[in-house]
Structures are given as C-alpha cells and as structure tokens.
Participant: 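I have a structure here, written as structure tokens, and I will follow up with some questions on it.
Count residues from 1 along the sequence.
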Amino acid sequence: MELKLNRPICFFDLETTGTDITKDRIVEIAIIKVYPNGNKESKTWLVNPTIPIPYQATAIHGISNEKVANEPTFSELAPMVHSMIKDSDLAGFNSDRFDIPLLAEELLRAEVDFDMKNRVSVDVQTIFHKKEERTLGAAFKFYCGESLENAHSAEADTHATYEILKAQLDRYPDLENDMKSLSEFTTRKKSVDFAGFIAFNEDGQEFFTFGKHKGALVEDVFDREPGYFGWIQNADFPLYTKKVLTAIKLRKLNTKQ
C-alpha cells in the first residue's frame with residue numbers, strides 16, 4: 001500500500017558513535033524523502049563525528065575512524081540535511097526515542113534551529129512492537145518476506161523501514177493511512193522534549209518527570225526556585241530540552257507583562 005501524504009515525509013536512519021543523545025555523534029545519515037505524488041529522492045552521507053568512534057560501535061555498523069577521517073563534519077552537512085527535511089514529517093525505526101532526539105541535538109549544535117511544532121513523526125518500530133514484538137531484521141522478514149542485507153547500514157535500514165511501513169498498512173486494516181493518525185499511534189507518551197524530561201499532564205501543562213521536582217509544574221518550579229532554570233541550562237542536558245525550557249520561561253515572562 002502506498003502512503004497517503006499531505007506533505008512529504010522523510011524516512012531516515014543514523015549510525016552513531018554510541019547511544020547517548022547528548023554526547024554521541026552521527027557517523028552516517030541516510031534519508032529517503034517521499035512526496036505526496038509518489039516521487040522519491042534519497043541521500044546518504046558519511047560524517048566525520050570529530051570524536052573517536054569506539055570499537056564497539058564500529059563492530060556494529062562497520063564505520064571506522066579511518067573511513068570518515070576525510071568526510072565532512074555534521075556542521076558542514078547540517079544546511080543540506082535541514083533543507084531536505086524542513087518541510088517534511090519524519091519517520092524511522094526507533095526514531096522517536098533515538099534518531100530524532102540525536103538529530104535535533106546535532107542540528108542545534110550546528111546552530112540550525114529545529115523543532116517538531118509543524119510536523120509529526122511516525123515510529124515504525126512502535127507499530128511493530130505493538131503488533132508483533134520483533135527487531136528490524138525480523139520485521140523486514142515478517143512484513144516484506146525478504147532478508148535484510150547490510151543491516152546496520154543507514155541506507156539499508158532506511159529503505160527497509162520505508163518498505164515495512166507500507167507493508168504494515170497492508171497487513172493491519174485498523175491502521176489509518178494518514179501520517180497524523182500514525183504519529184498518534186506510535187507516540188509512547190506526551191513528552192514536550194525528545195528526552196522525556198518534560199511531559200504534558202492531562203490539562204496540557206508542562207511538568208518535570210525527573211529529580212527533586214518530579215511531578216511539579218515547570219512554571220511553578222521557576223516561580224519557587226528561579227535558579228533551577230539556570231542550573232539546567234549549565235548542566236549536561238540535551239540542547240532541545242534546554243530550548244523547550246527557555247520557551248516556557250519566555251512565555252511566562254511575556255504573560256506577566
């Protein structure tokens with residue numbers, strides 16, 4: 001089943017130096033952009049992460065320090081990446097919990113503004129886990145009847161994820177072929193930031209999900225303990241989390257004027 005799209009959607013996959021979204025870096029990124037008329041374009045870039053790639057990571061994706069030594073850094077690639085995704089919804093395999101948060105960090109680090117306000121995301125892994133509970137390779141075999149060659153190659157994984165979503169729509173008649181509906185189905189919780197440090201309550205108010213202020217409204221904490229905002233801004237939190245908190249603080253200041 002082909003996707004019903006109101007705007008382009010970018011399927012993407014990252015290979016990285018590790019799994020810490022605040023500290024690790026991208027070493028490969030692949031994007032397939034699918035347009036509402038069915039046209040597609042794809043790009044794959046190797047990336048010099050500017051930090052050493054641990055041998056444990058190389059053992060998984062096969063990308064070594066030597067392989068990317070002469071490749072562009074993400075800061076150099078960021079304008080091209082952003083140009084490709086800026087008008088699109090996003091999709092991937094485990095993308096809500098890892099790929100999108102890490103991509104956001106890299107873009108913000110490169111001083112390219114990024115947010116999800118006017119787009120949705122579809123996590124194909126969540127559909128798979130809610131329906132079948134398997135891995136990407138098993139998902140490709142299960143839904144598409146093929147073995148996944150070159151697993152942990154960003155390009156191969158991206159193509160597989162795109163094909164899996166189309167097959168999922170064929171298999172599950174209760175899944176609506178609509179990106180907003182699929183985004184809602186694959187959203188695990190109502191987080192404000194990607195890392196899940198801030199969430200929405202039932203009234204749509206932001207609250208902290210961690211630490212000594214766990215469960216408290218963000219605006220209330222900023223009133224009671226103004227220095228908490230500064231502590232977070234100077235601590236080792238994701239850049240996107242800091243951006244969200246800054247927006248909340250500015251919103252509160254504006255309502256007081």
Side-chain angles (χ1 to χ4, degrees), residues 1-16 19 26-46 60-63 81 84-104 116 118-191 194:
M1 182 184 296
E2 290 302 322
L3 305 181
K4 293 180 182 177
L5 302 174
N6 295 317
R7 73 173 86 188
I9 185 167
C10 285
F11 290 79
F12 78 102
D13 185 73
L14 308 177
E15 301 302 337
T16 66
T19 58
I26 295 170
V27 297
E28 185 180 30
I29 178 170
I31 304 173
I32 300 173
K33 187 170 185 176
V34 185
Y35 292 88
N37 64 4
N39 289 344
K40 305 178 189 71
E41 65 173 304
S42 62
K43 297 284 187 181
T44 301
W45 295 278
L46 283 171
I60 293 172
H61 50 55
I63 300 172
V81 172
M84 193 168 184
I85 69 171
K86 65 182 180 181
D87 62 343
S88 305
D89 294 328
L90 300 177
F93 199 86
N94 194 33
S95 51
D96 281 357
R97 292 190 295 176
F98 181 70
D99 296 84
I100 292 176
L102 184 54
L103 178 63
M116 295 291 293
N118 297 313
R119 70 178 94 215
V120 299
S121 65
V122 177
D123 193 328
V124 175
Q125 185 194 61
T126 302
I127 296 175
F128 189 37
H129 282 184
K130 283 187 173 183
K131 299 290 188 178
E132 308 295 342
E133 298 290 335
R134 303 283 174 86
T135 63
L136 176 60
F140 193 59
K141 182 71 173 179
F142 182 84
Y143 289 111
C144 303
E146 301 177 38
S147 297
L148 178 55
E149 304 295 335
N150 294 321
H152 297 297
S153 153
E155 185 174 5
D157 289 357
T158 302
H159 278 278
T161 302
Y162 169 53
E163 294 299 329
I164 289 168
L165 179 57
K166 293 192 295 179
Q168 286 172 331
L169 290 167
D170 285 327
R171 178 174 288 268
Y172 306 119
D174 59 313
L175 286 180
E176 187 176 350
N177 193 348
D178 171 77
M179 295 308 109
K180 186 175 185 297
S181 175
L182 289 171
S183 176
E184 291 171 355
F185 185 81
T186 60
T187 299
R188 298 170 187 266
K189 60 181 179 179
K190 293 184 177 180
S191 295
F194 297 125

Participant: Under 4.5 Å between any side-chain heavy atoms of Ser121 and Arg119, yes or no?
Facilitator: no

Participant: Would you find more than 12 non-hydrogen atoms of other residues, nucleotides or ligands less than 6.0 Å from Asp170 atom CG?
Facilitator: yes

Participant: About how many Å separate CD1 of Ile26 and CG of Asp99, when rounded to the nearest 0.5 Å?
Facilitator: 8.5 Å

Participant: If you count the non-hydrogen atoms of other residues, nucleotides and ligands that lie under 6.0 Å from NZ in Lys40, is the total more than 12?
Facilitator: yes

Participant: Looking only at heavy atoms, what is the nearest atom pair of Cys144 and Ala167, with distance?
Facilitator: SG-CB, 4.3 Å

Participant: To the nearest 0.5 Å, tell me how far Leu102 CG sits from Thr19 OG1.
Facilitator: 10.0 Å

Participant: Compare all side-chain heavy atoms of Leu90 with those of Met116 and state whether any distance is below 4.5 angstrom.
Facilitator: yes

Participant: For the atom pair CD (Glu184) and CD (Glu176), what is the distance rounded to the nearest 0.5 Å?
Facilitator: 9.0 Å

Participant: Hey, which of Arg171, Glu2, Met1 is the one that makes side-chain contact (heavy atoms from CB on, under 4.5 Å) with Lys166?
Facilitator: Glu2

Participant: Which atom pair, heavy atoms only, marks the closest approach of Met179 to Leu5?
Facilitator: CG-CD2, 3.7 Å

Participant: Test Lys131 against Tyr143 for side-chain contact (heavy atoms from CB on, under 4.5 Å), laying out the working first.
Facilitator: CA-CA 11 Å; Lys131 299 290 188 178; Tyr143 289 111; 4.0 Å; yes

Participant: If you look at every heavy atom in Asp178 and Ser181, which pair is closest and at what distance?
Facilitator: OD2-N, 2.9 Å

Participant: Taking the side chain as every heavy atom from C-beta outward, state whether Phe128 and Ile164 have any pair of such atoms under 4.5 Å apart.
Facilitator: no

Participant: Test of understanding: with ring-ring contact (aromatic ring centres under 6.0 Å, His included), list the residues that count as partners of Phe194, not counting sequence neighbours.
Facilitator: Tyr240

Participant: Describe, in one word, how the ring planes of His129 and Phe93 are oriented to each other, choosing from parallel (under 30°), tilted (30 to 60°) and perpendicular (over 60°).
Facilitator: perpendicular

Participant: Could you tell me whether a side-chain N or O of Asp123 sits under 3.5 Å from a main-chain N or O of Asp96, the two making a donor and an acceptor?
Facilitator: yes

Participant: Within the structure provided, determine whether Leu103 and Phe12 are in side-chain contact (heavy-atom separation under 4.5 Å).
Facilitator: yes

Participant: Step through the shown structure and confirm whether more than 12 heavy atoms of other residues, nucleotides or ligands are within 6.0 Å of CG on Asn39.
Facilitator: yes

Participant: Should Asp87 and Arg7 be marked as a salt bridge (charged side-chain N to carboxylate O under 4.0 Å, His left out) after you check the CA-CA gap, both sets of side-chain angles, and the distance that decides it?
Facilitator: CA-CA 8 Å; Asp87 62 343; Arg7 73 173 86 188; over 6 Å; no

Participant: Contact between Leu182 and Leu169 at the side-chain level, heavy atoms closer than 4.5 Å - yes or no?
Facilitator: yes

Participant: Give the intermediate values and the outcome of side-chain contact (heavy atoms from CB on, under 4.5 Å) for residues Phe98 and Gln125.
Facilitator: CA-CA 11 Å; Phe98 181 70; Gln125 185 194 61; over 6 Å; no

Participant: Minimum heavy-atom separation for Ile63 to Glu15, with atom names?
Facilitator: CD1-CB, 4.1 Å

Participant: Roughly how far apart are Asp13 CG and Glu155 CD, rounded to 0.5 Å?
Facilitator: 11.0 Å

Participant: How far does CD of Glu28 sit from OG of Ser153, to the nearest 0.5 angstrom?
Facilitator: 5.0 Å

Participant: With rounding to the nearest 0.5 Å, note down the distance linking CG in Asp157 to NE2 in His152.
Facilitator: 7.0 Å

Participant: Evaluate Asp89 against Asn6 for side-chain contact (heavy atoms from CB on, under 4.5 Å), listing each step before the verdict.
Facilitator: CA-CA 10 Å; Asp89 294 328; Asn6 295 317; over 6 Å; no

Participant: How close do Ser95 and Pro101 get, heavy atom to heavy atom, and via which atoms?
Facilitator: O-CD, 3.4 Å

Participant: In this structure, are over 12 heavy atoms from other groups packed under 6.0 Å from Lys33 atom NZ?
Facilitator: yes

Participant: For a side-chain contact (heavy atoms from CB on, under 4.5 Å) check, start with the C-alpha distance between Thr158 and Ile31, then their side-chain angles and the critical distance, and finish with the verdict.
Facilitator: CA-CA 7 Å; Thr158 302; Ile31 304 173; 6.0 Å; no

Participant: Please find the pair of heavy atoms, one from Leu148 and one from Ala156, that lie closest to each other, and give the distance.
Facilitator: CD1-O, 4.0 Å

